[in-house]
Amino acid sequence: MAQATWSQTAMWWSLVFFILAIASALVVYTIIMLYCNYLVLRGFQKNRKRVFQGQALEKAKRDGTAKTKKTATKSGKEGEEEKKNDEPYLIAGFFHPYCNAGGGGERVLWTAIRDIQEKYPHVISVVYTGDKDVTKDDILERVRHRFNIELDPSLVGFEFLKKRYWIEDDQWPRFTLIGQSIGSIVLGWEAMQCVVPDVWIDTMGYAFTYPAAKLFGGSQVVAYVHYPTISSDMIGRVASRESGYNNASEVASSPLYTVLKLIYYRCFAFLYAIVGAFAHIVMVNSSWTKAHIDSLWNIKSTVVYPPCDTEAFKDSPLNGRERIVVSVAQFRPEKGHGLQLEAMAQLLKDNPEYRQVKGNGKGNNAKAVQLVMVGSARNESDEARIKQLRTMAVELGIEDNVTFVVNAPFSELQAWLSRSKIGIHAMLDEHFGIGVVEYMAAGLIPIAHNSAGPKMDIVRPYNNQATGYLASTPQEFADAIEKVLSADSSIQDMQLRARDSVQERFSEKVFGEQLQKCLHEVLSREKVTIYGHRLIDPPEYELTKKDN
């Protein structure tokens, strides 16, 4: 009997301790949430006012007194209403720490901002970037030269972040996934303290910023996912003990390290799914990315193919192309530049007559083939990688057949694409491949890696006929290059098919239409939901069905 009483007492005390533990956890959670909200919102009004004042000053500088004169012609309530309707009141914050890099992801960013400026003039786009060594004017000038995109400076602002080193590659030589994700939280937190946007738009794939943006900033979260941070393909390569960019050889060769890395990857995938759930709207850039994101986040994302400036390339002549194999890609480790050099070495081994002849008094070889690598370098790591590639070319004995073009303006990129016959892209599991689309739009024959975006979305048959080649190994790439170089005049039919196929599917116009459908809910005046109505009261608009 005494034993039963003791058991009941212990059970009740256990229940009391459990309730106290839960209550304590809730109290701690509430305190942390309130403190974090305080940190983010303490400069809320001041920072927003700074953004809108900057816009007004920029507009006044550009337009002079035109607006003042126009408003002065109106009187009373009519003039006030016109002024109110003319002023932006919504902030869309684009989290893009490498906005000045000049790659395909940056084309998405700047095209999206241009389309928002055209369709939603009440929105100011603020870009959170770590490119603090340049000015706003420098960035906008590079956008114009690199992408041929003109922006209204008064409707775009920049918040220059100081802690981008937290997401740099060399900052996390081990445990890179979780390290860069933690780094993105730090950087996202810094961004939120600069200015809290009404809509947080992540265009680089930093999903771990979503909870802070939604919980502490009250922002609507929009994601444009180029590449899932973790994927079943990555996990599968670790499980099969295949060495590569995401799986070092010392890990692949060790059963113990492989098991530990699998546990690490699966735990990370679980966390990735949790933070992904905070996104209100999710866009993806390809069928391959959609399959992975839908599976990981348990959602139905929308495929919005990246904008490709197909119009800028469509008039490139198809005849008179030189024996040039051009590669357009940022000098990042995953882009497969080493595989391209190996393919070139294999081509020259199989076809010695394609070697460039220099400095022997005989002049250049008319049959020589040149590999031209055109790309941007974001930082010192990329510069070091270019140096390594140059060294690799020398070691392979192909340096005379390889040319590097770094940080070229858009006009120079156009010139190389109009001269070249072949476009090569060797990244494994490339999420999309804007460079491949540009090749095809410019009339080049694409030779891309036989995986992901190029395989599933781009280098597809058109009218039941081939538009290019897919390859995986140096030998396969070399064989495909040889096929194009030795082809007769019928190769022009493939060039035309390739050009027509991308014009229909991947133009900037198509991107703009799809983007507007996805963003209208969070950017249209009648749908705006702004954090803390006591802090911000958007202008009242008399909306009619016609306005909608």
Side-chain angles (χ1 to χ4, degrees), residues 169 233-234 237 240-250 252-253 322-358 365 367-377 381-406 416 420-430 433 435-436 439 444-455 459 468-486:
D169 294 340
D233 290 350
M234 292 168 61
R237 278 195 288 274
S240 63
R241 299 175 65 180
E242 175 185 342
S243 62
Y245 168 64
N246 288 304
N247 197 35
S249 56
E250 58 266 28
S253 61
E322 299 176 37
R323 297 169 69 83
I324 296 174
V325 181
V326 69
S327 164
V328 179
Q330 287 181 325
F331 288 102
R332 286 165 26 200
E334 69 272 20
K335 287 298 183 179
H337 290 97
L339 177 55
Q340 294 174 10
L341 292 176
E342 291 173 357
M344 192 65 179
Q346 187 64 50
L347 176 72
L348 298 180
K349 178 182 177 181
D350 297 340
N351 305 273
E353 67 273 20
Y354 292 166
R355 285 191 175 276
Q356 186 64 273
V357 179
K358 290 185 178 180
N365 177 11
K367 296 191 68 176
V369 179
Q370 197 73 12
L371 172 63
V372 178
M373 292 185 166
V374 183
S376 58
S381 296
D382 289 354
E383 294 287 355
R385 194 166 296 113
I386 295 170
K387 186 176 180 179
Q388 291 172 358
L389 292 171
R390 292 182 189 274
T391 302
M392 182 177 177
V394 173
E395 292 173 350
L396 291 171
I398 61 172
E399 67 274 17
D400 290 338
N401 291 75
V402 180
T403 301
F404 291 86
V405 180
V406 183
W416 280 112
S420 306
K421 181 174 289 189
I422 298 168
I424 188 171
H425 195 81
M427 177 178 169
L428 171 67
D429 289 340
E430 169 69 272
V436 182
Y439 298 156
L444 286 78
I445 300 299
I447 303 176
H449 199 284
N450 190 19
S451 63
K455 178 182 180 181
V459 189
Y469 297 93
L470 297 170
S472 300
T473 66
Q475 186 66 64
E476 290 176 357
F477 275 101
D479 291 344
I481 295 171
E482 168 59 17
K483 283 181 183 178
V484 178
L485 293 174
S486 60

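Below, all heavy atoms of this structure are taken into account, side chains as well, without hydrogens, waters or symmetry copies.
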>> If the condition is side-chain hydrogen bond (donor to acceptor under 3.5 Å, both in side chains), which residues does Gln330 pass it with, not counting sequence neighbours?
In response: Glu106, Arg332
> Roughly how far, to the nearest 0.5 Å, is CD1 of Ile398 from CG of Leu371?
Replying inline: 7.0 Å
> For Ser327, what residues pass the side-chain hydrogen bond (donor to acceptor under 3.5 Å, both in side chains) criterion, not counting sequence neighbours?
Replying inline: Gln340
> What's the spacing between Ile447 CD1 and Glu476 CD if we round to 0.5 Å?
Replying inline: 11.5 Å
>> Suppose we screen for side-chain hydrogen bond (donor to acceptor under 3.5 Å, both in side chains). Which residues come up paired with Tyr354, at least two apart in sequence or across chains?
In response: Glu482
>> Side chains of Met344 and Leu347, heavy atoms from C-beta outward: is any pair under 4.5 Å?
In response: yes
> Can you tell if the side chain of Glu430 reaches within under 4.5 Å of the side chain of Glu334, non-hydrogen atoms only?
Replying inline: no
>> Within the 4.5 Å heavy-atom criterion, are Ile324 and Thr403 side-chain neighbours or not?
In response: no
>> Could you check whether any side-chain heavy atom of Asp479 comes within less than 4.5 Å of a side-chain heavy atom of Tyr469, counting everything from C-beta outward?
In response: no
> Looking at Gln356 and Asn365, what are the two nearest heavy atoms and their distance?
Replying inline: OE1-N, 3.3 Å
> Taking all atoms of both residues into account, what is the closest heavy-atom pair of Asp429 and Ser451, and its distance?
Replying inline: N-OG, 2.8 Å
> Pairs in or reaching into residues 324-345: which pass ring pair (Phe, Tyr, Trp, His ring centres under 6.0 Å), with residues at least two apart or in two chains?
Replying inline: Phe331-His337
> What pair of heavy atoms forms the shortest contact from Val328 to His425, and how long is it?
Replying inline: O-ND1, 4.1 Å
> Hey, are the side chains of Lys367 and Leu485 touching, using non-hydrogen atoms and a 4.5 Å cut-off?
Replying inline: no
>> So which atom in Asn401 and which in Val369 form the shortest heavy-atom distance, rounded to 0.1 Å?
In response: ND2-O, 2.7 Å
> So which pairs with a foot in residues 384-396 pass side-chain hydrogen bond (donor to acceptor under 3.5 Å, both in side chains), sequence neighbours left out?
Replying inline: Asp382-Arg385
> Which atoms form the tightest heavy-atom contact between Leu339 and Ser472, and what is the distance?
Replying inline: CD2-O, 3.8 Å
> Mind checking what makes side-chain hydrogen bond (donor to acceptor under 3.5 Å, both in side chains) contact with Gln346, not counting sequence neighbours?
Replying inline: Asp350, Gln475
> Can you name the nearest heavy-atom pair linking Pro454 to His449, along with the distance?
Replying inline: CB-O, 3.9 Å
